[in-house]
Chemist: 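Shown below is the structure under consideration.
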Amino acid sequence: MKIQPLAAAQIPRDLLLLADPSWAQVTAYLSTGQCYGYQQNGQVVGVVVLTTFKTGVWEVKNIAVAPRLSTSRHC
């Protein structure tokens, strides 16, 4: 299990919408950012979207964990 970049087809819309209910906003920062996912048993259960704020500085635009794991200590 590790965090890896996600291809467009792998990006879990439902998780991203947990942290930001505006799909228009999500697609806007996905177009300039990179989405990374954490997989468990072949399913993406956590995501983070990062954009470049300035050279060498990244900004977290979205971060979410599947609700069933959000209280788990070992996601």
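Fair warning: this is a prediction, and the values are worked out from it, not measured in the lab.
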Chemist: Ignoring hydrogens, what is the shortest heavy-atom contact between P67 and L18? Give both atom names and the distance.
Modeler: CD-CD1, 3.7 Å

Chemist: Once you round to the nearest 0.5 Å, how far does CG of L50 lie from CD1 of I63?
Modeler: 8.5 Å

Chemist: Run the side-chain donor-acceptor check on residues 7-16: report pairs under 3.5 Å with partners two or more places apart or on a different chain.
Modeler:
{"unit_1": "Q10", "atom_1": "OE1", "unit_2": "A7", "atom_2": "N", "d": "2.9"}

Chemist: Say whether V47 and L17 are linked into one hydrophobic cluster, either directly or through other cluster members, by side-chain heavy-atom distances under 4.5 angstrom.
Modeler: yes

Chemist: Going by heavy atoms in the side chains, are V45 and V65 under 4.5 Å from each other?
Modeler: no

Chemist: Could you give the distance from OG1 (T51) to CD (Q34), rounded to the nearest 0.5 Å?
Modeler: 11.5 Å

Chemist: Considering only distance and modelled atom types, tabulate donor-acceptor pairs under 3.5 Å from the side chains of residues 19-26, sequence neighbours left out.
Modeler:
{"unit_1": "D20", "atom_1": "OD1", "unit_2": "S22", "atom_2": "N", "d": "3.1"}
{"unit_1": "D20", "atom_1": "OD2", "unit_2": "Y29", "atom_2": "OH", "d": "3.1"}
{"unit_1": "S22", "atom_1": "OG", "unit_2": "Q25", "atom_2": "N", "d": "3.1"}

Chemist: So, do V49 and V60 sit near enough that their side-chain heavy atoms are less than 4.5 Å apart?
Modeler: no

Chemist: Hey, any chance Y36 and Y38 share a hydrophobic cluster, counting ILVMFWY side chains that come within less than 4.5 Å of each other, even indirectly?
Modeler: yes

Chemist: Taking the side chain as everything from C-beta on, heavy atoms only, tell me whether T52 gets closer than 4.5 Å to W58.
Modeler: yes

Chemist: Report yes if some heavy atom in the side chain of C35 is under 4.5 Å from a heavy atom in the side chain of L30; otherwise report no.
Modeler: yes

